[in-house]
Amino acid sequence: MEKHRSRVKFKDGKIVCASEIRCSSCADKYTCEAIDLFIEAKYEGIRDCMSHDSHRREKGKIKQKRWGTK
């Protein structure tokens with residue numbers, strides 16, 4: 001599980017903005033709450049999945065060449 005320290009802005013109990021950095025252009029940038037967000041384990045290993053030998057660029061788009069690791 002990956003931990004990310006984020007700044008979150010709530011309105012009526014709902015998240016309206018979330019960022020890992022303080023937005024310089026936001027008028028309410030000092031009202032954000034700093035909280036920890038955890039990303040589920042299903043995204044672990046994403047860097048291995050998107051390795052250079054399993055994907056290629058075609059006309060600016062990323063295409064997958066194969067599934068899994070070999």
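Keep in mind that what you see is a predicted model, and the values were worked out from it rather than measured. All residue numbers in this chain count up from 1 along the given sequence.
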What residues form a side chain to side chain contact (heavy atoms under 4.5 Å, CB included) with Tyr30, not counting sequence neighbours? Arg22
For Ala34, side chain to side chain contact (heavy atoms under 4.5 Å, CB included) partners two or more places apart: Arg5, Arg7
Under 3.5 Å donor-acceptor pairs involving side-chain atoms of residues 9-20, not counting sequence neighbours:
residue : atom : partner : partner atom : Å
Ser19   : OG   : Ile21   : N            : 3.2
Ser19   : OG   : Ile21   : O            : 3.0
Glu20   : OE1  : His4    : ND1          : 3.4

